[in-house]
Amino acid sequence: MRAVTWHGVGDIRFSDVPDPKIQDPTDAIVKITTSAICGTDLHMIRGTMPGLRPGVVLGHEAVGEVVEVGPGVRNLSPGDRVIVPSTIACGYCSYCRAGYFAQCDNANPGGKRAGTAFFGGPEAAGGFDGLQAEYARVPYANVGLVPIPDEVGDEQAIMLSDIWPTAWFGARLADVRPGETVAVFGAGPVGQLAVLSAYLQGAGRVIAVDGLEDRLAMARAQHAEVVNFNAEDPVQTILEMTGGIGVDKVIDAVGVDAERPAEGPATEQTDEQAQQLDSEVQQIAPETDPAWAPGDAPSLAARWAVQAVAKAGTLGVIGVYPQTVTTWPFGEAMMKNLTIRSGNCHHRRYIPELLQLVTNGTVDPARLLTKHEPIGDVLEAYRQFQDRDPGWLKVALTV
């Protein structure tokens, strides 16, 4: 079959790879009909998430059709349309039973202390082949795969594989409550859905912070109040918008790929911090490719989030901070009595709830899907997505 494969920092290919096969009784083989490109995939290519096996298939978002099941899969049959959650979980350990699917004791071959297992990631995440392919092997399919109702299309369902559950999880981490003011740092695809999720969970005001006008325009279309960090200092602006208090809650949907402002008053602070930020980049991504450069301010979104939230506020961190990150503004957060909650999304916990919102017509997440590309054009699609070209907010790959 054909698949997107990783061969080193800056080196991805559309390659011929062996067809996946049933290995364990609870495996299923899924014919992928739609996959997608996620910002997390860029971490692998940019070198900010190390430890991948050369030749591993990338991608952790997909919907498709079951074509084969192992003898332990008693609830699915060939022909069923399914969502493939990004993270892998057994469904029977104490963590899964408590809803902490991303910390499953059994999914990661590295053992109980290894942490989240997910498709298309490094060896530390299990080394599983990913979902940007014609077919995929899905472990623990009897638990993981979520059937898709006939009235829900692939374009809607693909948004439920990762980015909307992650955004919803971010609002849960931030403990958004009715009437509160929430800032969302990052108006990429997860940030857009974090705006939606914050409103659905009761936020009275949502402020979206980004440096790209097309993304801010989409956030404004969702009735978020927008702040462009290339035109104004985001922290000072948020303080002015909240009577000097700051927001109640923050969702960090940026993570380690934060970028310095290119112009405007916020550059004064980042110019002073340039040496420190350069050092952070070198520590996090010692090997890079100029064509796939990581963000040049790894701790900046975290710093702005801590500064913009009110005393005793809460941060929900869903932007990726790999294990190589050791710089985070913890001291300032402690002095403000902030609550910090972070982690990988428990996709299987939230997908059924969100799927119901799509099925009953409450939300159509497909409106945030801005590009549809055949998987054969995936390398160019990756380039456009990583360059953040206008209109390349979320890219679906049809297989």
Side-chain angles (χ1 to χ4, degrees), residues 1-8 10-38 40-42 44-45 52-73 76-88 107 109 117-123 125-142 144-148 153-155 157-158 160-162 347 369 371-385 394-399:
M1 68 172 185
R2 302 283 281 170
V4 182
T5 54
W6 182 94
H7 297 272
D11 184 2
I12 58 170
R13 307 171 192 174
F14 191 47
S15 311
D16 289 316
V17 301
D19 291 344
K21 299 183 182 302
I22 297 287
Q23 298 179 21
D24 297 306
T26 55
D27 285 354
I29 304 300
V30 175
K31 179 182 179 181
I32 305 301
T33 53
T34 302
S35 186
I37 300 175
C38 178
T40 303
D41 298 324
L42 295 178
M44 326 292 181
I45 307 170
L52 272 73
R53 163 176 52 87
V56 69
V57 177
L58 289 178
H60 56 267
E61 297 177 280
V63 297
E65 180 181 312
V66 175
V67 294
E68 184 181 359
V69 297
V73 181
L76 296 167
S77 303
D80 287 343
R81 293 177 61 235
V82 290
I83 297 169
V84 186
S86 298
T87 47
I88 303 166
F118 66 92
F119 292 100
E123 292 295 283
F128 294 94
D129 278 324
L131 306 176
Q132 290 171 3
E134 294 179 293
Y135 294 88
R137 167 184 167 253
V138 179
Y140 301 107
N142 58 314
L145 294 178
V146 180
I148 304 172
D154 272 18
E155 291 187 352
I158 190 62
L160 297 170
S161 178
D162 178 27
H347 294 88
L369 190 57
K371 290 291 179 180
H372 308 76
E373 300 294 319
I375 197 168
D377 295 339
V378 64
L379 301 186
E380 180 58 28
Y382 257 106
R383 292 272 181 195
Q384 301 275 8
F385 181 68
K394 185 61 178 177
V395 185
L397 302 172
T398 53
V399 182

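What you see is a predicted model; the values in this text were computed from it and never measured. Computed over heavy atoms, backbone and side chain alike; hydrogens, waters and symmetry mates excluded.
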Checklist outcome for this item: Residues D41 and A36: closest non-hydrogen pair is OD2-O, 4.0 Å

Next on the checklist: Return the OG1 to CZ distance between T87 and F119, rounded to the nearest 0.5 Å.
Outcome noted: 9.0 Å

Item to check | Carboxylate-amine/guanidinium proximity below 4.0 Å for D19 and K21 | outcome: no

Checklist outcome for this item: E155 and I158 have their tightest heavy-atom pair at O-CG2, 3.4 Å

Checklist entry - Can you tell me how far the CD1 atom of I83 sits from the CG atom of L160, to the nearest 0.5 Å? => result 4.5 Å

Checklist outcome for this item: Here the pair of heavy atoms bringing A107 nearest to F128 is O-CZ, 3.4 Å

Item to check | From CD (E380) to CD (E373), nearest 0.5 Å | outcome: 8.5 Å

Checklist entry - Do P78 and E68 have side-chain heavy atoms sitting under 4.5 Å apart? => result no

Checklist entry - Partners of R2 by salt bridge (charged side-chain N to carboxylate O under 4.0 Å, His left out), sequence neighbours excluded? => result D16

Next on the checklist: To the closest 0.5 Å, what do you measure between OG1 (T5) and CZ (R53)?
Outcome noted: 10.5 Å

Item to check | Shortest non-hydrogen contact from M44 toward G120 | outcome: CE-O, 3.6 Å

Item to check | Exercise: do Q132 and Y382 side chains pair donor with acceptor under 3.5 Å | outcome: yes

Checklist entry - So D27 and V138, side-chain contact (heavy atoms from CB on, under 4.5 Å) or not? Walk me through it. => result CA-CA 6 Å; D27 285 354; V138 179; over 6 Å; no

Checklist outcome for this item: When rounded to the nearest 0.5 Å, the distance separating CG of L131 from SG of C38 is 11.5 Å

Next on the checklist: Working note: R137 + D24, criterion salt bridge (charged side-chain N to carboxylate O under 4.0 Å, His left out); need CA distance, chi angles, decisive distance, verdict.
Outcome noted: CA-CA 10 Å; R137 167 184 167 253; D24 297 306; 3.2 Å; yes

Checklist outcome for this item: Here the pair of heavy atoms bringing V399 nearest to E134 is CG1-CA, 3.6 Å

Checklist entry - Rounded to the nearest 0.5 Å, how far does OG1 of T398 lie from NE2 of H372? => result 8.5 Å

Checklist entry - More than 12 heavy atoms of other residues, nucleotides or ligands under 6.0 Å from NZ of K31: is that the case? => result no

Checklist entry - Given the rule in the side-chain contact (heavy atoms from CB on, under 4.5 Å) test, do V56 and E123 qualify, once you have shown the distances and angles that lead to the verdict? => result CA-CA 10 Å; V56 69; E123 292 295 283; 5.9 Å; no

Checklist outcome for this item: Residue set satisfying side chain to side chain contact (heavy atoms under 4.5 Å, CB included) with L379, at least two apart, ordered chain then number -> I12

Item to check | Shortest non-hydrogen separation from A133 to V57 and the atoms involved | outcome: CB-CG1, 4.1 Å

Checklist entry - Heavy atoms, side chains only, cut-off 4.5 Å: are P147 and D80 in contact? => result no

Checklist entry - After noting the C-alpha distance and the side-chain angles of H60 and H347, does the key distance pass the side-chain contact (heavy atoms from CB on, under 4.5 Å) rule? => result CA-CA 12 Å; H60 56 267; H347 294 88; over 6 Å; no

